[in-house]
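First up is the structure itself, then whatever we jot down about it.
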Amino acid sequence: MTVAAQDLVETPDPHGAFPRLTREQIEKLSDAGERRPVRPGDVLYAQGDRDTDFYVVLSGKVAIQHREGDETRTVRVHGPGRFLGELGLLEGQPSFFTAVAAEPGEVLAIGAGKLRQLVLSDPVLGDLILHAYFARRAVIIGSGDGLRIVGSCYSPDTRRLLEFVARNRLPYRLDDLDKDRGAEELLRRLGVTVDETPVVVLPGAGVLRNPSNTELASAMGLRHEELPVGVRDVLVVGAGPGGLAAVVYAASEGLATSAFDAVAAGGQAGTTSRIENYLGFPSGISGAELAERSVIQADKFGVRVVVPGEARTLTPQGGLYAVGFDDGTEIVTRTVIIATGARYRRLPLPRLEHLEGTCLYYAATPQEARQCQADPVAVVGGGNSAGQAAVFLAQSSPVVHLLVRGGDLGADMSRYLVDQVERHPRIQVHLHTEVRDVDEDGKTMSGVEVEDNRTGERHRLAARALFVFIGAAPHTRWLSGHVALDEDGFVLTGADAGGSHAPLPLETSSPGVFAVGDVRHGSVKRVASAAGEGAMAVRLVHERLAQELAEPGGLP
């Protein structure tokens, strides 16, 4: 494999995605790796490879290439002092690119396992690599150089796959059978019929025909099977900020811990473009980066979140609890931390499902923003999620209509966000406003009809996409009636829970079952409070286990 001479100009680095290591940093890395000479055309790793080495370019240049069908193009070039790879290297995902030596030179190779140890043990070097890898994933998402999903945007299975890859922060591009002329030709080249769609073209050119979320997760290195290690001390169900905090604290304190999430680590926070009031991040942090950092941190302590893994049943079992999941897995545990959060509420309008994933969204991340650049959009909601979405989308959309049902933007939105929203020249705030209809032709959206809920006056706003942040309903049906809920389905805890025992704070009506985050009645809907509850729940798990140990017969 060769690289054309005109492709040898090193890629610039305006945003910190491709930093250059110092001599001291390279020397530190050298202790964990080996130096290797390379010749032009040597392939360091290929598109689709997993668990590849981490490479630092010592001399010469390395080209990063992307292959689609018979076409291979160079997307980046790295010279001495730069390192290769992206976020998937740390998480066992297949590579989206091929790295090939473009000049004679030398590289430093470090195994992926040793790289994880270095990232987690050296705060300066580790943060440099993590920041670069997060930035590179964002670059890949923006370019569409990832998975290719071929199908109709009106197909429920296509929308399901689009939501799954977006929530799990996987780069992708949709080849829409209803809009893209080349989509059917691509199917012919792949030997796939329209009836078999949607299909997913994987890095390395593997093809999955209408895969389940679990099949896609396994192919992309997201699915980590649970080992049969017997009874757990704690099972965390849900991996939003509260669940991830519980996992990290429980595992770091030596508790036998397992964790599952139905869709993706990060919960609703993972769909937030920027969290600016989270302690310790003065310049803000995206929900996606916070989630990825937490997943890597949990892995440091030996716990890998199983995705997707949706809890279906909770059953008391002789002083223990058995939790059944949708794939037939059953986990037996001494304690349970419920962190299943809440699911997005839909607008009370009929027949909008076919727009979901194409112009109706419940998250505002780079994936969604890429699909509606340069178009006016509307955001529904008056809380922090809606405010953050409006500010983020206004970076690329010419007009963002923020539709708020109440009359005070500051009633449910943090002051710093209110200030940003009101100062932004591209955001138009509409108070006392509710959506009554969507103008669409079955394929695209052109506007929304809104009503002033004081006067009843209606008018139309031009918008090519609608982002909805109007709260959520708790995911508690799987609790099978064994945990007390309030009238809206949220989990009762502490003094509100009742039950035959004296519940600890955050403990439910069932001893040893705790609830944290948005799923809990009376919770504060903030990322920091959810994370705090997750940490606190682990302390209470220790207390509950100690009480049970002191009882006659001890722990089962």
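Reckoned from all heavy atoms, side chains included, excluding hydrogens, waters and symmetry mates. Keep in mind it's a predicted model, so treat the numbers as computed, not measured.
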(Q) Using modelled atom types and a 3.5 Å cut-off, is there a donor and acceptor pairing between side-chain atoms of D327 and backbone atoms of T329? (A) yes

(Q) For a 4.5 angstrom cut-off between non-hydrogen side-chain atoms, does I331 reach R232? (A) yes

Q.
If you define the side chain from C-beta out and look only at heavy atoms, does anything of L216 sit under 4.5 Å from F164?
A. yes

Q: Taking the side chain as every heavy atom from C-beta outward, state whether K179 and C153 have any pair of such atoms under 4.5 Å apart.
A: yes

Q: Count the heavy atoms belonging to other residues, nucleotides or ligands that lie under 6.0 Å from CZ of R209, then report whether that count exceeds 12.
A: yes

Q.
Is the shortest side-chain heavy-atom distance between T214 and R223 below 4.5 Å?
A. yes

Q.
Can you tell me how far apart CD1 (I141) and CZ (R173) are? Round to the nearest 0.5 Å.
A. 15.0 Å

Q.
For the backbone of D145 and the side chain of S143, can you confirm whether one donor and one acceptor N or O come within less than 3.5 Å of each other?
A. yes

Q) Is the closest basic N to carboxylate O distance between D127 and R293 below 4.0 Å? A) yes

(Q) Ignoring hydrogens, what is the shortest heavy-atom contact between T272 and Q268? Give both atom names and the distance. (A) OG1-O, 3.6 Å

Q: Report yes if the side chains of E276 and I285 come closer than 4.5 Å at any heavy-atom pair, otherwise no.
A: no

Q: Of all the heavy-atom pairs spanning P366 and F392, show the shortest one and how long it is.
A: N-CZ, 3.8 Å

Q. Considering residues, nucleotides and ligands other than Y249, do more than 12 of their heavy atoms fall under 6.0 Å from its OH?
A. no

Q) Angle class for the F54/Y133 ring planes (parallel below 30°, perpendicular above 60°, tilted otherwise)? A) perpendicular

Q.
Do L504 and L506 make a side-chain contact, defined as non-hydrogen atoms from C-beta onward lying under 4.5 Å apart?
A. no

Q.
Side chains of S155 and D157 only: does a donor on one sit below 3.5 Å from an acceptor on the other?
A. no

Q: Evaluate the side-chain contact (heavy atoms from CB on, under 4.5 Å) criterion for residues L485 and V491: first the C-alpha distance (whole Å), next the side-chain angles of each, then the deciding distance (0.1 Å), finally the verdict.
A: CA-CA 5 Å; L485 309 176; V491 179; 3.8 Å; yes

Q.
For a side-chain contact (heavy atoms from CB on, under 4.5 Å) check, start with the C-alpha distance between L255 and H542, then their side-chain angles and the critical distance, and finish with the verdict.
A. CA-CA 9 Å; L255 295 175; H542 282 293; 3.8 Å; yes

Q: Over all heavy atoms of both residues, which pair between P94 and G48 is shortest? Give the atoms and the distance, please.
A: CB-O, 3.5 Å

**Q.** Minimum heavy-atom distance V236-A246, with the two atoms named
**A.** CG2-CB, 4.1 Å

Q) In terms of side-chain heavy atoms, does E368 have a donor or acceptor partner in T365 at a distance below 3.5 Å? A) yes

Q | Backbone N/O of Y172 and side chain of R148: donor-acceptor pair under 3.5 Å | A | no

Q. Would a line drawn from the ring center of Y362 to the ring center of F469 be shorter than 6.0 Å?
A. no

**Q.** salt_bridge(R137, E292) N-O dist < 4.0 Å
**A.** no

Q: Using a strict cut-off of less than 4.0 Å between a Lys/Arg side-chain nitrogen and an Asp/Glu carboxylate oxygen, indicate whether E533 and R539 qualify as a salt bridge.
A: no

Q. Does the pair V295 and L244 meet the rule for a side-chain contact (heavy atoms from CB on, under 4.5 Å), with working shown?
A. CA-CA 7 Å; V295 167; L244 288 170; 4.3 Å; yes

**Q.** V263 backbone acceptor or donor facing D261 side chain under 3.5 Å
**A.** yes

Q) What pair of heavy atoms forms the shortest contact from T493 to A515, and how long is it? A) CG2-CB, 3.8 Å

Q | Straight-line distance of D180 CG to L186 CG, nearest 0.5 Å | A | 10.0 Å

Q.
Side chains of S286 and R274: any donor to acceptor distance under 3.5 Å?
A. no

Q: Return the set of residues passing side chain to side chain contact (heavy atoms under 4.5 Å, CB included) with E163 (not counting sequence neighbours), or none when no residue passes.
A: R167

Q.
Just by distance, no angles: are the side chains of S294 and Q297 close enough, under 3.5 Å, to form a donor-acceptor pair?
A. no

(Q) Is it the case that the side chain of T335 and the backbone of D233 share a donor-acceptor pair, with hydrogens and angles ignored and the cut-off at 3.5 Å? (A) yes

Q. Does F96 have any ring pair (Phe, Tyr, Trp, His ring centres under 6.0 Å) partners at least two apart in sequence or in another chain, and if so, which?
A. none

Q.
When you compare the side chain of I140 with that of L87, does any pair of heavy atoms fall below 4.5 Å?
A. no

Q | Donor-acceptor contact present, side-chain E91 to main-chain Q93, <3.5 Å | A | no

**Q.** Nearest-0.5 Å distance, OG of residue S152 to CZ of residue R159
**A.** 8.5 Å

Q: Using atom types as modelled and distance alone, determine if a side-chain donor or acceptor of T158 lies under 3.5 Å from a backbone N or O of P198.
A: no

Q: Determine yes or no for a side-chain-to-main-chain donor-acceptor pair under 3.5 angstrom, with N384 supplying the side chain and S414 the backbone.
A: yes

Q: Go through the steps to decide whether R405 and D412 satisfy the test salt bridge (Lys or Arg N to Asp or Glu O under 4.0 Å), and finish with yes or no.
A: CA-CA 11 Å; R405 182 174 58 180; D412 298 303; over 6 Å; no

**Q.** Inter- and intrachain pairs under side chain to side chain donor-acceptor pair (under 3.5 Å), touching residues 501-518, at least two apart
**A.** E507-R544

Q | Reported CZ-to-CZ distance for the pair R343 and R477, which is rounded to 0.5 angstrom | A | 8.5 Å

Q) Are T193 and D195 close enough, and set up right, to give a side chain to side chain donor-acceptor pair (under 3.5 Å), and what steps lead you there? A) CA-CA 5 Å; T193 66; D195 293 339; 5.0 Å; no

Q | Side chain proximity check, Q117 to K300, heavy atoms < 4.5 angstrom | A | no

Q: Walk me through it: do I338 and V516 pass the test side-chain contact (heavy atoms from CB on, under 4.5 Å)?
A: CA-CA 6 Å; I338 304 166; V516 301; over 6 Å; no

Q: Identify the heavy atoms of D178 and D176 that sit nearest to each other, and give their distance.
A: N-OD1, 2.9 Å

Q) Roughly how far, to the nearest 0.5 Å, is CG of L349 from CG of L360? A) 9.5 Å

Q) Under 3.5 Å, is there a donor-acceptor pair between the D49 and S95 side chains? A) no

Q: State the CD1-CZ distance between I149 and R160, to the nearest 0.5 angstrom.
A: 9.5 Å

